[in-house]
Amino acid sequence: MTSEMAGLIERHGGVPYPAPVLQEVYLKDSPEVQQLVLDTCSGRIDAVTLLTGVGTQALVSTAAAMGREEEFIAALDGLTVIARSPKPARVLRRHKIHIDVMPPEPYTTADLVNSLQEWDLSGKVVALQHYGGPNRPLVAHLQEKGAEVREVILYTWGLPEDEAPVLAMIDDIAGGGIDAIAFTSQPQVGNLLTIAAKAEKEEVLRASLGAQTESGKNGRDAGAVVASVGPVCSRRLREAEIPVDVEPEHPHMGSMVLALVDYFE
């Protein structure tokens, strides 16, 4: 994603400043994940809800590592398949697995819940692939519909092995050397603050984020413009008391870059 994002920024005249604040830690050796593969292959799962592309591919990769990829894909294609967004949908289509339910933009939990209103899940065993942590509202909704929910986490968002680029970025933001910071997923927010706190830089980071709205749309007195890829990420930023200056109408990286272009124009 780093090179894709950098290319988008460069095409619109910007200078990318990559500073990854997270890394994916896969849990393919987890007994819970392997048991889910076995239960899917043996017909003990009725439906599966896939929230991320990374998690969907990790599930297929786990099956492959167990020597059961073809069997797992065939079994999955026979279930009720729910994809939260185009990201898991792309992985499913790559493996020729059908999709029964996918909500409209912006692909939030509320949108997914609304898309499931007409589906009868009473008495069904529904596997739910989380993304780094549990989605309690979605679990509660599935249980209210009478489903037996099998939760599984296939990966977590760990801190990067090398935190030096992030610390350098924080210093450059505080020094006015960075015009905007773009958040492409909600886990980035907590990790950035964690890295800053460990280095005793959280206070200066917070003071350097967010445009000064009082001085006009493009006022820069307070620091770097904060761009969020979509409503889920924006909600996490606001929970962390970080202002959101730019959020695109459609929750995509390309749309976010275009929204930043419009902002600075």
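Remember, it's a predicted structure, so these values are computed and weren't measured experimentally. Quick note: residue numbers are just sequence positions, from 1.
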Could you tabulate the donor-acceptor pairs under 3.5 Å formed by side-chain atoms of residues 186-196, not counting sequence neighbours?
residue	atom	partner	partner atom	Å
Gln188	OE1	Thr184	N	2.8
Gln188	OE1	Ser185	N	3.4
Gln188	NE2	Thr184	OG1	2.9
Asn191	ND2	Val21	O	3.0
Asn191	ND2	Gly158	O	3.2
Thr194	OG1	Gly190	O	2.9

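- For residues 111-126, the side-chain hydrogen bond (donor to acceptor under 3.5 Å, both in side chains) pairs, not counting sequence neighbours, are Thr108-Asp111.
- When the salt bridge (Lys or Arg N to Asp or Glu O under 4.0 Å) test is applied to Arg44, the partners found at least two apart in sequence or on another chain are Asp39.
- Annotation: Glu239, atom CD; neighbour count of heavy atoms from other residues, nucleotides and ligands within 6.0 Å is above 12.
- In Gln23, the CD atom is crowded: over 12 heavy atoms of neighbouring residues, nucleotides or ligands sit closer than 6.0 Å.
- Residue pairs meeting the salt bridge (Lys or Arg N to Asp or Glu O under 4.0 Å) criterion with at least one member in residues 59-80, sequence neighbours excluded: Arg68-Glu71.
- Ile82 and Ile45 fall within a single hydrophobic cluster, where Ile, Leu, Val, Met, Phe, Trp and Tyr are joined by side-chain heavy atoms under 4.5 Å apart, directly or via other members.
- Atom CG of Leu121 and atom CD of Gln143 lie 12.0 Å apart (nearest 0.5 Å).
- The distance from the CG atom of Asp245 to the OG atom of Ser234 is 10.5 Å, given to the nearest 0.5 Å.
- Listed by first and then second residue, the salt bridge (Lys or Arg N to Asp or Glu O under 4.0 Å) pairs involving residues 100-109 amount to none (not counting sequence neighbours).
- Glu163 and Lys198 are joined by a salt bridge, as a carboxylate oxygen and a charged side-chain nitrogen come within less than 4.0 angstrom of each other.
- In this structure, the side chains of Ile97 and Ile73 come closer than 4.5 Å at one or more pairs of heavy atoms.
- Among pairs with a residue in residues 137-149, none fulfils salt bridge (Lys or Arg N to Asp or Glu O under 4.0 Å), at least two apart in sequence or across chains.
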